[in-house]
Participant: 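First, the structure itself, so that you have it in front of you.
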Amino acid sequence: MLNKIAKNGKVFGIIAVVVAGISFIIPVIGIFLACFLGTLLVALSLKDGAVLGYVAGGLNIINVAFLSPSLMLASGADGGVSVYFIYVGFAVLGPVLLFLLNRGVKKKA
């Protein structure tokens, strides 16, 4: 099944970059786009789309870690930074999964 997804890796990479760009513009929902949908799309952009996936993953990390004031307000109201680290962890999970899955596809192919 992973090889079928890897055939469309460039499509997933292009969609991941588009979603990462849109998440910069949308104020509050952009964080959810970058963390959850972006992480999934980055992880699925295998083989030919790996470079696009890493670019989208980097944009998602920058967006969530540094450019999301609503996340900073939510973590400040919580009294800790646990919400902040959960969202940043989800954003970092995308490129890590891409690396691991891409390594698994190259061994099988």
Side-chain angles (χ1 to χ4, degrees):
M1 175 146 170
L2 198 59
N3 287 327
K4 288 183 182 180
I5 295 171
K7 289 180 184 176
N8 297 321
K10 196 166 194 174
V11 174
F12 284 118
I14 291 170
I15 295 171
V17 170
V18 169
V19 168
I22 289 173
S23 69
F24 274 96
I25 298 169
I26 299 175
V28 176
I29 301 173
I31 298 170
F32 299 117
L33 283 175
C35 285
F36 303 116
L37 182 63
T39 299
L40 179 66
L41 289 172
V42 167
L44 293 178
S45 58
L46 300 168
K47 280 192 175 181
D48 294 335
V51 173
L52 294 170
Y54 287 125
V55 167
L59 288 174
N60 288 338
I61 292 169
I62 290 170
N63 184 14
V64 172
F66 302 115
L67 300 176
S68 57
S70 58
L71 181 61
M72 295 290 183
L73 289 173
S75 65
D78 187 28
V81 291
S82 61
V83 175
Y84 177 76
F85 284 120
I86 289 171
Y87 280 103
V88 172
F90 271 113
V92 171
L93 185 65
V96 170
L97 283 176
L98 174 60
F99 176 74
L100 293 175
L101 290 175
N102 205 16
R103 197 172 63 179
V105 168
K106 287 185 179 177
K107 284 183 181 178
K108 291 180 183 178

Participant: How long is the gap from CG on L98 to OH on Y54, to the nearest 0.5 Å?
Facilitator: 4.0 Å

Participant: Between L97 and L59, is there a shared hydrophobic cluster once you connect ILVMFWY residues whose side-chain heavy atoms come closer than 4.5 Å?
Facilitator: no

Participant: If Ile, Leu, Val, Met, Phe, Trp and Tyr residues are connected whenever their side-chain heavy atoms lie under 4.5 Å apart, and connections chain through other members, are V88 and L37 in the same group?
Facilitator: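 Yes, one cluster joins them.
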
Participant: Is it the case that over 12 heavy atoms from other parts of the model lie below 6.0 angstrom from the CD1 atom of I26?
Facilitator: yes

Participant: Count the heavy atoms belonging to other residues, nucleotides or ligands that lie under 6.0 Å from CZ of F90, then report whether that count exceeds 12.
Facilitator: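 No - once you tally the heavy atoms of other residues, nucleotides and ligands closer than 6.0 Å, there are 12 at most.
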
Participant: T39 and N60: which non-hydrogen atoms are nearest, and at how many Å?
Facilitator: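 T39 and N60 have their closest heavy atoms at N-ND2, 4.5 Å.
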
Participant: Just to verify, what does S23 make a side-chain hydrogen bond (donor to acceptor under 3.5 Å, both in side chains) with, not counting sequence neighbours?
Facilitator: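 With neighbours one apart ignored, the set is N63.
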
Participant: Got a donor-acceptor contact below 3.5 angstrom from the Y84 side chain to the V64 backbone?
Facilitator: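 Answer holds: no.
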
Participant: Between NZ of K7 and CD1 of I5, what distance do you get to the nearest 0.5 Å?
Facilitator: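 Rounded to the nearest 0.5 Å, the NZ-CD1 separation comes out at 12.0 Å.
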
Participant: What distance separates L71 CG from F66 CZ, expressed to the nearest 0.5 Å?
Facilitator: 12.0 Å

Participant: Test of understanding: clusters of I, L, V, M, F, W, Y form through side-chain heavy atoms closer than 4.5 Å, transitively. Do F36 and L93 belong to the same one?
Facilitator: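 Result: yes, single cluster for both.
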
Participant: Please give me the minimum heavy-atom distance between A6 and V105, naming the atom from each residue.
Facilitator: CB-CG1, 3.9 Å

Participant: Are V18 and L44 connected, step by step, through hydrophobic side chains (Ile, Leu, Val, Met, Phe, Trp, Tyr) whose heavy atoms are closer than 4.5 Å?
Facilitator: yes

Participant: Search all heavy atoms of A56 against all heavy atoms of V42 and return the closest pair with its distance.
Facilitator: CB-CG2, 3.9 Å

Participant: Using every non-hydrogen atom in the two residues, find where G57 and P95 come nearest and quote the distance to one decimal.
Facilitator: CA-CG, 3.9 Å

Participant: How close do K10 and D48 get, counting heavy atoms only, and between which atoms?
Facilitator: CB-CB, 4.2 Å

Participant: Would you say I62 and L52 are hydrophobically clustered, going by side-chain heavy atoms of ILVMFWY under 4.5 Å?
Facilitator: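 As far as the 4.5 Å side-chain criterion goes, L52 and I62 are not connected within one cluster.
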
Participant: Going through the checks in order, is the side-chain contact (heavy atoms from CB on, under 4.5 Å) test met by L46 and L2?
Facilitator: CA-CA 9 Å; L46 300 168; L2 198 59; 3.8 Å; yes

Participant: Taking the side chain as every heavy atom from C-beta outward, state whether V96 and L100 have any pair of such atoms under 4.5 Å apart.
Facilitator: yes

Participant: Once rounded to the nearest 0.5 Å, what's the spacing between atom CD1 of I61 and atom SG of C35?
Facilitator: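 Separation between the atoms: 10.0 Å.
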
